[in-house]
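Written below as structure tokens is the structure these notes are about.
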Amino acid sequence: MSHVAVENVHGLDPQLAALDLNSDLQGVPGRRYIPPHLRNKEASKNDSPGGWDNGRSNGFVNGFHEGRDNRMNGGGSFGGRGSMRSDRGGRGGFRGFGYDNKDAGGWNAQKDTAYNSFSGRSDRGKSSFFSDRGSSSRGRYERGGFGGGGNNRWTDDSKNDEDWSKPLPPSERVEHELFSGGNTGINFEKYDDIPVEATGQNCPPHIESFHDVDMGEIIMGNITLSRYTRPTPVQKYAIPIIKTKRDLMACAQTGSGKTAAFLLPVLSQIFTEGPGEALQAMKNSAQENGKYGRRKQYPISLVLAPTRELALQIYEEARKVAYRSHVRPCVVYGGADIGQQIRDLERGCHLLVATPGRLVDMMERGKIGLDYCNYLVLDEADRMLDMGFEPQIRRIVEQDTMPPKGLRQTMMFSATFPKEIQILARDFLEEYIFLAVGRVGSTSENITQKVVWVEENDKRSFLLDLLNATVIPNEVQDSTAESVEKPGKESLTLVFVETKKGADSLEDFLYREGYSCTSIHGDRSQRDREEALHQFRSGRCPILVATAVAARGLDISNVKHVINFDLPSDIEEYVHRIGRTGRVGNLGLATSFFNDKNGNITKDLLDILVEAKQEVPSWLESLAYEHQHKSSSRGGRSKRFSGGFGARDYRQTSSGSSGGGFGNRGARNTGGHGGNRGFGGGGGGFGNFYSSDGYGGNYSQVDWWGN
DNA sequence: AAAAAAT
């Protein structure tokens with residue numbers, strides 16, 4: 001479901017709307033990159049110790065006050081506004097935005113039709129195909145098309161006998177489909193001094209350029225098409241490690257290019273080595289089942305991810321890296337029609353991206369055999385190995401036919417990796433190399449982090465003020481001249497809440513307030529989830545209200561602001577959430593609403609802020625100190641708790657960062673909950689403009705979980 | 001107590 005603003009109910013104050021974190025300093029030759037925490041120091045000094053800030057005229061903006069050009073773009077192009085809400089259950093609206101299939105037989109049917117018409121289309125159809133492309137994602141409905149690289153028929157023996165390291169012929173259409181998305185210009189040149197730790201026997205030297213290691217013709221071509229110029233820090237280290245067939249546990253900050261760090265070398269290896277035994281296994285399978293009948297697929301590589309949308313995203317990325325190769329990537333995940341996914345698998349599957357539950361299902365149905373899976377990747381590995389997922393991972397990796405560790409190559413990636421999970425992870429690794437780019441679990445300094453004290457009852461009105469200061473209502477977003485100057489400058493805001501119910505009600509509220517918004521959480525149908533993400537990505541709905549489902553891994557360009565309407569209860573979740581902004585060298589802003597309920601995260605949050613060189617509100621420092629003395633023992637297998645074992649302490653080594661956590665303990669006597677936490681110049685600056693609309697009282701009667 | 005992940 002998506003909400004598009006009915007009208008511009010909130011006037012736009014140009015001065016406040018100037019949040020433009022992806023600012024002019026980016027990409028301007030000859031001008032030095034200045035990280036957000038170092039910019040506009042003069043203004044910062046004026047801030048009260050309470051931090052957040054003085055109000056509307058100089059908050060949020062990090063020194064960039066240039067006004068935005070407020071041009072009309074006829075924003076209502078989205079169809080009948082009155083029907084905007086009809087999509088919640090049904091299938092209203094949205095035609096013309098990729099949902100142009102009139103067949104109402106379920107959303108999976110759309111894939112079929114899209115694919116059929118797609119594949120049936122000759123190049124004559126190209127012009128219309130190109131021209132109706134808004135910004136990026138052509139979307140999932142063509143997946144399984146030619147995108148995997150062109151070998152739609154593994155049964156074509158003449159092709160299988162070919163050298164997998166040689167590229168297949170190019171296709172202008174596929175190329176355009178895969179690579180016409182937003183430019184992922186990576187500004188990691190500035191990060192050469194980032195501390196890197198690579199431990200383990202015989203760790204190969206890192207590379208400085210993609211040309212420093214032989215990844216073959218296909219990969220190099222696709223790197224060029226993807227407009228990757230230099231490897232990011234994690235790629236510099238992970239690529240040679242993976243190329244030398246080593247197991248790997250890799251930790252690198254959000255948005256630092258982890259996906260390509262494993263896809264490039266893994267696919268490079270597959271291209272070099274060819275299908276091997278898997279080919280014969282598939283031929284046998286085909287003979288048993290009839291040439292065009294059911295075939296069990298034996299992927300050479302498996303990538304596991306914790307959410308469906310992340311799996312889809314990795315799959316899309318894999319299609320790029322596999323372009324012009326013999327490797328056909330597939331993706332399977334729950335919530336979508338399994339028959340459709342099976343048919344896609346049967347067209348050939350050499351690299352499989354999956355969520356665990358659906359993969360187990362596929363294995364039990366005999367559609368997937370992991371017997372020849374030589375490459376296993378756990379993305380968001382700490383999540384995949386925590387309590388919710390660990391049994392399923394063991395089921396897939398240890399209790400089936402996958403080659404044991406030592407025979408297969410196992411790689412794990414995450415931005416966070418609590419020590420206990422690292423230990424658990426060793427079960428799946430052999431002679432592995434531990435790689436930490438930056439400190440494990442730390443946040444990018446490209447993200448300006450703000451923590452502001454907001455009582456539960458004030459959250460909604462505060463959010464509105466925040467949005468008014470940082471979001472341009474849909475109707476006045478420009479799409480013309482300025483966009484040409486700064487491509488893709490849409491400003492997206494991602495609002496995290498703790499519960500599914502909370503997501504529904506907050507989206508509803510924002511909709512009633514006139515904002516173009518949508519929401520995503522695990523109780524939505526898969527179709528709605530993907531639709532919401534698409535509406536957000538495309539900028540159609542520049543506000544997305546989300547639960548933890550969107551916290552990890554999703555790479556959405558133009559997310560300028562992440563708002564923790566509710567703070568999460570553990571610091572890893574916080575790190576991943578705010579990591580939806582400030583990606584690949586861009587700047588971002590993260591604002592977190594903090595109150596009495598968030599005591600459990602106080603200490604870790606403080607550590608994170610200090611580590612990322614962010615301003616720390618003095619009240620937070622005080623609370624952390626109090627909390628440290630108050631709570632002592634709490635248990636939990638996958639959590640770190642209590643004082644002294646904070647966020648920074650689960651690096652594998654204990655070097656560096658001695659103390660320094662509490663910059664100024666003297667401040668503790670400000671009294672914790674005392675008056676020092678003001679957020680609007682002089683207590684309640686952001687008044688309760690909206691508190692009398694009948695919803696505040698209602699809200700205060702429900703408990704913390706909305707029950 | 002919540003979210004996620006198969007049906």
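These values consider heavy atoms only, across backbone and side chains, with no hydrogens, waters or symmetry-generated copies. Here is the naming used below: chain letters follow the sequence lines, and residue numbers restart at 1 for every chain. It should be emphasised that the depicted structure is a prediction, and the values quoted were computed from it without experimental measurement.
For A/Lys405, the salt bridge (charged side-chain N to carboxylate O under 4.0 Å, His left out) test picks out no residue, with sequence neighbours left out. Not counting sequence neighbours, the partners of A/Tyr298 by the ring-ring contact (aromatic ring centres under 6.0 Å, His included) test are A/Tyr372. Judged as a salt bridge (charged side-chain N to carboxylate O under 4.0 Å, His left out), and not counting sequence neighbours, the contacts of A/Arg577 are A/Glu498, A/Glu573. Under the rule for a salt bridge (charged side-chain N to carboxylate O under 4.0 Å, His left out), A/Arg308 has no partner lying at least two apart in sequence or in another chain. When the side-chain contact (heavy atoms from CB on, under 4.5 Å) test is applied to A/Ala415, the partners found at least two apart in sequence or on another chain are A/Thr254, A/Lys258, A/His576.
Put simply, A/Thr547 has no side-chain N or O that comes within less than 4.0 Å of OP1 or OP2 on B/dA2. For the OP1/OP2 pair of B/dA6 and a distance below 4.0 Å, the side-chain nitrogens and oxygens of A/Thr355 include at least one atom meeting the criterion.
In this structure, CG of A/Asp523 is placed 12 Å from P of B/dA2, rounded to the nearest angstrom. Per the geometry, CG belonging to A/Asp386 stands 11 Å off C1' belonging to B/dA5, to the nearest Å. The CD1-P distance, from A/Ile396 to B/dA6, rounds to 9 Å in whole Å. One interatomic measurement links the two molecules: CG of A/Asp382 to P of B/dA5, which rounds to 16 Å at whole-angstrom precision. Rounded to a whole Å, the CG atom of A/Asp566 is 17 Å from the P atom of B/dA1. Across the protein-nucleic acid pair, A/Arg552 atom CZ and B/dA5 atom P stand 13 Å apart, rounded to whole Å. To the nearest angstrom, P of B/dA5 lies 13 Å from CD1 of A/Ile393. Separating the CG atom of A/Asn564 from the P atom of B/dA2 is a distance of 19 Å, rounded to the nearest angstrom.
When base pairs are accepted only as Watson-Crick or G-U wobble with both N-N or N-O distances under 3.5 Å, DNA chain B takes part in no stem of 3 or more pairs.
Within the 4.0 angstrom heavy-atom criterion, only backbone atoms of the sugar-phosphate kind lie near A/Arg529; the bases stay farther away. A/Gly334 comes within 4.0 angstrom of sugar-phosphate atoms only, judged by non-hydrogen atoms across all strands, and of no base.
One finds a salt bridge joining A/Asp344 and A/Arg328 here, because a Lys/Arg side-chain nitrogen approaches an Asp/Glu carboxylate oxygen to under 4.0 Å.
Judged by distance alone, with hydrogens and angles left aside, A/Arg308 brings no side-chain donor or acceptor close enough to the base of B/dA4 to form a pair under 3.5 Å.
Formation of a donor-acceptor pair under 3.5 Å by the A/Gln422 side chain with backbone atoms of A/Phe417 is found in this model.
Listed nucleotides B/dA6, B/dA5, B/dA3 differ in distance to A/Glu364; the shortest reach to its side chain belongs to B/dA6. Relative to the side chain of A/Lys500, the nucleotides B/dA2, B/dA4, B/dA5 differ in distance, and B/dA4 lies closest. Looking at the side chain of A/Glu309, the nearest of the listed nucleotides B/dA6, B/dA3, B/dA5 is B/dA5. For A/Val549, whose side chain is taken as the heavy atoms from C-beta onward, the closest listed nucleotide among B/dA6, B/dA2, B/dA4 is B/dA4.
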